Amino acid sequence: MTRRFEIAVFEGDGIGPEITAPTVSLLRELAARSGDYALDFTDAPAGATHYAKTGESLPETSLEVARRADAILLSAMGLPGVRYPDGTEISPQIELRKRLTLFAGVRPVRVRPGQPGPLTLPEGREIDFVLVRESTEGLFYSQGTGEVTETEARETLRITRDISEKLFRFSFGLARRRKAAGRGPGIVTCVDKANVFRAFAFFRAIFDAEARAFPELQTRHAYVDATALWMVQKPWDFDVLVTENMFGDILSDLGAGLMGGLGLAPSADIGLDHAVFQPCHGSAPDIAGQGIANPLAMILSAAMMLEWLGETQEVPAMIRDGERLRLAAERVVAEGRVLTRDLGGNAGTAEAAEAVRAALFA
Ligand code: ATP
């Protein structure tokens, strides 16, 4: 029997529409060839361009499409020239995380042997770890409500027991699935600054308490500054890292740097009932409309979406297709023949997406 799933598509701003179109085409073709599952795509207008036109950045109708969907595919939103009256940028993706309680920001970092990048991997090593960034509270909690006077500015960091428990359970579950799939040793590292801030000692204590339910996994503690160092010196030692929102924001860009740039970094924001899959990069207005954006981060995010849907809805064909799509994109990068400019090549968006398609259906 064919299972049907509805996907909400936020094509967003800047390069968003250019990288969304080939990604949706690949998903359509995978589903059509599979026969085990069908995907229906529904557009959800939102973002800076939409705000400039209508005065609304995330219309209720689009939020409703997102709520109803089985998964949400989002490219990038926001443009530097379009701002709210208080001067902040339009970022409905952050609002979506809060409104749909998407507490787990999943940022995989993967570098295969031979893949160009800033690090030289030791013989026999590859990088394959996942950073889980809490995405609804932490220092981002006070976004838009910070107090600023003539002489002082304050922002409040918030860490709750409820969200932290969910975050850690998710992270341990992820490490368990990776271990079962042979992709990791089953080590979860809590990244914090518990030596300085009470809030992080609280965070760490919840981590330790949740860990007791996963005796087959190993746990580690690490300070965020040391983690930044180790991400450069020995990133092959990490398996699953879990951290607060702002620390995760910074470390996930470092992770993208390890992969050779933002154009290759996928992500997911996952809650108990909803999930958004989107590249780590922004809308790249400097290259929008030129057909040169790298579509791989978006394609890799779509691959994560298939794997997540397959796992949560128990459709093995989707898990397999998600993995095939990821491996096809990774092969294109490792072979290095068809690369976009950000990776040192001269291919355009369409050519790079076609290379993935060719690798996928070869
Ligand atoms: P945001 O704050 O919205 O995350 P940002 O300020 O980090 O955005 P991006 O829009 O991600 O900025 O762009 C940063 C740089 O990376 C720009 O020079 C942009 O052209 C480049 N870049 C981002 N994504 C891509 C991509 N998919 N392909 C090629 N270059 C990209």
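Numbering of ligands and ligand atoms starts at 1, following listing order. On a predicted model such as this, the values are computed, not experimentally measured, just so you know.
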Query raised in the report: So, do L241 and V132 sit near enough that their side-chain heavy atoms are less than 4.5 Å apart?
Result: no
Query raised in the report: Looking just at side-chain N and O atoms, do Y84 and S57 make a donor-acceptor pair shorter than 3.5 Å?
Result: yes
Query raised in the report: Does one side chain, of D208 or H221, offer a donor that lies under 3.5 Å from an acceptor on the other?
Result: yes
Query - Closest approach of any protein heavy atom to atom 26 (C) of ligand 1, naming residue and atom - result: N294 N, 3.7 Å
Query raised in the report: Between K193 and D225, is the closest basic N to carboxylate O distance under 4.0 Å?
Result: yes
Query raised in the report: Does NZ or CZ of R176 fall inside the cone over F214's six-membered ring, less than 6.0 Å from its centre and within 45° of the axis?
Result: no
Report summary line: Per-atom filter on ligand 1: closer than 4.0 angstrom to a heavy atom of S283 are 10 (O)
Query raised in the report: Less than 4.0 Å between atom 29 (C) of ligand 1 and some protein heavy atom, yes or no?
Result: yes
Query - Protein residue, atom and distance nearest to atom 31 (C) of ligand 1, heavy-atom basis - result: I287 CD1, 4.0 Å
Report task. Determine whether the aromatic ring centres of F207 and F200 lie less than 6.0 Å apart. Result -> no
Query raised in the report: What protein heavy atom sits nearest atom 17 (C) of ligand 1, and how far off is it?
Result: D286 OD2, 3.5 Å
Query raised in the report: Among E155, R158, R154, which residue meets the side chain to side chain donor-acceptor pair (under 3.5 Å) test with S142?
Result: E155
Query raised in the report: Between D36 and R3, is the closest basic N to carboxylate O distance under 4.0 Å?
Result: no
Query raised in the report: To the nearest 0.1 Å, how far is atom 9 (P) of ligand 1 from its closest protein heavy atom, and which atom is that?
Result: G282 N, 3.5 Å
**Report entry** Residue I15 vicinity, atoms of ligand 1 by number, heavy atom under 4.0 Å
**Finding:** 26 (C), 27 (N)
Query raised in the report: For atom 22 (N) of ligand 1, which protein heavy atom lies nearest, and how many Å away is it?
Result: A284 CB, 4.0 Å
Report task. Among all protein heavy atoms, pick out the one at the shortest distance from atom 7 (O) of ligand 1; state its residue, atom name and that distance to 0.1 Å. Result -> L262 CD1, 4.5 Å
Query raised in the report: Counting only heavy atoms on the protein side, is anything nearer than 4.0 Å to atom 11 (O) of ligand 1?
Result: yes
Report task. Taking only heavy atoms of A293 into account, list the atoms of ligand 1 that are under 4.0 Å away from them. Result -> 28 (N)
